[in-house]
Structure formats: structure tokens, C-alpha cells
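Please read the structure below before turning to the comments.
Chain letters run A, B, ... following the sequence lines, proteins first and then strands; every chain starts at 1.
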Protein chains: 2
Amino acid sequence: MPSMSAAERRAQAKVEYDAFLAGCPSRQLLDRISDKWVALILAALGTDEGEVSGALRYSELSRRLAGVSQKMLTQTLRSLERDGLVTREVTPTVPVTVTYALTDLGLSLQEMMRGIKGWAEAHMDDVLAHRQEHDTRTA
Amino acid sequence: MPSMSAAERRAQAKVEYDAFLAGCPSRQLLDRISDKWVALILAALGTDEGEVSGALRYSELSRRLAGVSQKMLTQTLRSLERDGLVTREVTPTVPVTVTYALTDLGLSLQEMMRGIKGWAEAHMDDVLAHRQEHDTRTA
DNA sequence: CAGGATCCCGCTAGATACTG
DNA sequence: CAGTATCTAGCGGGATCCTG
């Protein structure tokens with residue numbers, strides 16, 4: 001369908017999309033992926049040490065993302081699937097088996113999401129220290 | 001593949017925090033920074049091409065982040081300041097001048113946030129295409 | 001100019017119950 | 001197992017008005 005190369009599309013996209021603009025579609029996309037569950041799901045999927053495929057079953061995902069409700073997990077997964085970031089594969093065993101995996105697109109975002117998650121964990125102490133200092137100073 | 005990535009080394013160094021756990025402080029921190037306004041504010045602050053200091057005034061920020069309400073902008077800035085990601089400097093001119101700038105901590109996060117924002121803009125077309133294909137297939 | 005304070009609506013997350 | 005359906009409470013977030 002597109003008679004344009006990927007590079008050309010990217011070049012066009014650079015001028016067409018700007019998340020600083022309220023009406024821009026990329027603003028909505030940014031809003032979608034700026035979600036803790038998105039970050040955690042993407043971080044959980046994909047290959048960890050030792051694993052070959054990063055595919056996970058629904059129950060396994062809900063176990064890893066401690067505290068997520070079924071609703072939010074399903075909802076987030078559906079939206080990620082719709083946006084082409086994850087694939088949903090149903091194996092008609094009984095009971096049914098559903099596995100989720102990252103697409104190439106999802107994989108490209110996963111790296112950043114793991115970076116964010118890693119940042120939060122790595123700088124937690126700094127942030128905690130800043131908060132205490134800030135709170136006592138303004139107390 | 002390198003024997004150990006930077007993320008893996010960080011994870012090893014800080015085993016105490018794990019955002020996958022519901023009660024972990026880093027989960028709350030992840031939730032905080034997983035916010036579209038945080039992403040946009042951090043992306044807006046910091047040096048652009050040509051600029052020396054990335055400091056911005058309140059009004060300039062609200063102009064760049066089209067569609068943000070005063071409440072959310074102030075609220076987000078306060079929380080970022082409390083967490084030590086931005087500094088708030090009041091110059092007692094009349095009328096008063098308030099400028100916001102990134103701390104070193106904020107700067108380290110900014111790079112990732114710009115990455116996320118850039119990703120959203122760069123892959124908008126892919127996502128849009130996936131959505132259409134998905135919607136027509138499930139129609 | 002850079003907010004603080006207040007009111008209030010919407011929607012979304014969470015809990016619960018049910019199903020193929 | 002992997003969801004769907006429904007209901008509700010809570011709060012995120014916008015609109016508005018006010019101030020140093």
C-alpha cells in the first residue's frame with residue numbers, strides 16, 4: 001500500500017507528528033504508553049536471562065505484575081494488541097491457553113520501558129532523600 | 001551480546017527495589033513518572049538545539065505543552081520538584097519570574113522521556129496501521 | 001506573572017459475580 | 001484458565017475565581 005520507503009515515512013512523520021500539540025495523534029499515543037501497567041507489561045514480556053521466547057501466559061503475567069486487577073491487565077493487553085505492540089495467541093487446549101508476546105514494534109518500545117523501570121529502581125534512594133530534604137525544609 | 005548490560009548491572013547493584021512488587025516504593029515512583037505530563041515536561045526542559053540552559057518560565061512551559069491545565073502543570077511541577085527532578089527558582093522581579101530547570105537527576109530521566117516521546121511520534125503510522133487492520137479484522 | 005483555592009463532573013480503577 | 005459483565009466509589013482533572 002505505501003509507495004514510500006520507511007525512511008521517507010519517518011522523515012514525513014517527523015514533521016507531521018508532534019506530541020507537544022494537543023490534537024496530535026502522537027499525544028494520545030504518548031498518553032497510552034505513559035502508563036505504569038504498559039511499562040510493567042512490556043518490561044515483563046520479552047526475553048529474560050535463560051528464556052528463549054519472552055511469551056507469557058495470562059496467569060503468569062498477572063502473577064508477575066503484583067497488584068494488577070484482571071480488568072486492568074486485560075484492558076491494557078487488549079489496547080497493546082490493537083496497537084500492534086503485542087500478539088495474543090489462543091491455543092485451544094482445555095482449559096484454553098492464551099499467550100502474549102511482543103511484536104517487533106513492541107520490542108523496540110520495551111527497551112525504553114525497561115530503562116524507565118530500571119531508572120525508577122536505581123534512583124529510588126536519591127528520590128527518597130530529596131523528598132525528605134524537601135519536606136523538612138518546607139515543613 | 002555483551003556479558004552484562006548496563007541495566008543488568010544496575011539491577012544487580014540495587015536488588016532491594018523491584019517495581020514488579022506492589023508494595024515497593026519504586027512502583028509508586030514508576031507510576032509517578034509514567035505520566036504524559038511528566039514525559040512532556042521533561043522533554044520540554046533541558047537544552048534544545050541552540051539553547052544553552054534549558055530553563056523555562058512557567059508561562060513558556062504552559063505554552064509548549066499545549067492543552068495542559070494550570071492545575072496539572074503546577075501539580076506536576078511541584079511533584080517533580082519534591083522528587084528532586086527539577087529546580088524551581090523565583091526571581092523577585094515585579095511581576096515575579098519563576099523558572100524551572102532540570103537537575104542532574106532529572107536530566108538522566110529526560111533522555112529516556114525524549115526517547116519515549118520520539119518513539120510515539122516515529123511509530124505513529126505503524127500504530128495507526130495496526131489499529132485499522134485490527135479493527136477491520138474484528139469488525 | 002505565577003500560581004492558590006474551590007467546586008464539581010466524569011470516568012476509570014477496583015471489587016464482585018458469572019462463563020466458555 | 002482466561003476472561004466478560006456490572007456496579008460503584010473515589011479521585012483525577014477541568015473550569016472558575018481569587019491573590020501576592
Side-chain angles (χ1 to χ4, degrees), chain A residues 19 21-23 27-41 44-45 55-83 86-101 134-135 138-139, chain B residues 19-23 27-41 44-45 54-83 86-101 134 138:
Chain A
L21 306 177
R27 168 72 74 91
Q28 269 97 54
L29 181 57
L30 181 64
D31 201 13
R32 286 251 158 133
I33 63 182
S34 296
D35 179 271
K36 63 173 168 179
W37 300 126
V38 169
L40 288 175
I41 286 174
L45 290 173
L56 288 179
R57 302 184 56 174
Y58 181 90
S59 51
E60 178 64 19
L61 262 175
S62 72
R63 212 169 305 123
R64 294 209 189 184
L65 309 195
V68 67
S69 65
Q70 305 169 347
K71 182 180 177 180
M72 287 318 296
L73 182 55
T74 300
Q75 202 171 91
T76 308
L77 283 169
R78 291 274 189 267
S79 119
L80 289 177
E81 186 198 2
R82 177 165 181 261
D83 289 352
V86 305
T87 58
R88 177 174 182 271
E89 191 178 351
V90 181
T91 309
T93 52
V94 48
V96 76
T97 304
V98 181
T99 58
Y100 293 90
H134 180 267
D135 290 353
T138 63
Chain B
F20 281 134
L21 306 177
R27 169 72 74 90
Q28 269 95 54
L29 180 57
L30 181 65
D31 199 13
R32 288 243 151 154
I33 64 182
S34 295
D35 179 272
K36 63 173 169 180
W37 299 127
V38 169
L40 287 174
I41 287 174
L45 290 173
L56 287 180
R57 303 185 56 177
Y58 181 90
S59 52
E60 177 65 18
L61 261 175
S62 72
R63 211 169 305 123
R64 293 209 189 185
L65 309 194
V68 68
S69 66
Q70 307 162 353
K71 180 180 177 179
M72 288 318 296
L73 183 54
T74 300
Q75 202 171 90
T76 308
L77 283 169
R78 291 274 188 267
S79 119
L80 289 177
E81 186 199 2
R82 178 165 181 262
D83 289 352
V86 305
T87 58
R88 177 174 181 270
E89 192 177 351
V90 181
T91 310
T93 52
V94 51
V96 75
T97 303
V98 181
T99 58
Y100 292 91
H134 181 268
T138 62

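Separating the CG atom of Asp31(B) from the C1' atom of dC11(D) is a distance of 13 Å, rounded to the nearest angstrom. To the nearest angstrom, C1' of dG3(C) lies 17 Å from CG of Leu56(B). The separation between Leu73(A) atom CG and dG14(C) atom P is 12 Å, rounded to whole Å. Following rounding to the nearest Å, Leu80(B) (CG) and dG3(C) (P) show an atom-to-atom distance of 13 Å. In this structure, Glu89(A) places its CD atom 13 Å from P of dG3(D), rounding to the nearest Å.
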I'd like a table of atom pairs between the protein and nucleotides 18-20 of chain D - only N or O on both sides, under 3.5 Å - with the distance next to each one.
none

Atom pairs under 3.5 Å, N or O on each side, protein against nucleotides 12-14 of chain D: can you list them with distances?
residue, atom, partner, partner atom, Å
dG13(D), N7, Lys71(B), NZ, 2.6
dG13(D), O6, Lys71(B), NZ, 3.3
dG14(D), OP2, Ser69(B), OG, 2.7
dG14(D), O6, Lys71(B), NZ, 2.7

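In this model, the phosphate group of dG3(D) is approached by a side-chain N or O of Tyr100(A) to a distance below 4.0 Å at OP1 or OP2. Under 4.0 angstrom from either OP1 or OP2 of dC1(C) there lies no side-chain N or O belonging to Arg57(B). Contact annotation: Arg88(A) side-chain N/O to dA2(D) OP1/OP2 distance is not under 4.0 Å.
Between the CG atom in Leu61(B) and the CG atom in Leu73(B) there is a gap of 6.0 Å [rounded to 0.5 Å]. We find the CD-CG distance between Glu81(B) and Leu77(B) to be 8.5 Å, quoted to the nearest 0.5 Å.
Residues forming a side-chain hydrogen bond (donor to acceptor under 3.5 Å, both in side chains) with Thr93(B) (at least two apart in sequence, or on another chain): Thr97(B). Partners of Val90(A) under the side-chain contact (heavy atoms from CB on, under 4.5 Å) rule, at least two apart in sequence or in another chain, are Arg88(A), Val96(A), Val98(A). Residues passing the side-chain contact (heavy atoms from CB on, under 4.5 Å) test with Gln75(B), sequence neighbours excluded: Lys71(B), Met72(B).
Remark: the backbone N or O of Phe20(B) is not paired with any side-chain donor or acceptor of Arg64(A) at under 3.5 angstrom.
Nearest to the side chain of Gln70(A), among dT4(D), dC17(D), dA2(C), sits dT4(D).
The shortest distance between side-chain heavy atoms of Val68(B) and Leu40(B) does not fall below 4.5 Å. Side chains of Trp37(A) and Thr76(A) form a contact here, defined as non-hydrogen atoms less than 4.5 Å apart. For the pair Ser62(A)/Gln70(A), no side-chain contact is recorded, criterion being any heavy-atom separation below 4.5 Å from C-beta on.
Taking five base pairs at each end of the helix from dC1(C)-dG20(D) to dG20(C)-dC1(D) and finding the rotation axis that steps the C1' atoms of four pairs onto the next four gives two axes whose angle is 60°, to the nearest 10°.
The environment of CD in Glu89(B) is sparse: at most 12 heavy-atom neighbours from other residues, nucleotides or ligands sit within 6.0 Å.
Looking at Thr99(A) and Tyr58(A), their side chains never bring a donor and an acceptor atom within 3.5 Å of each other.
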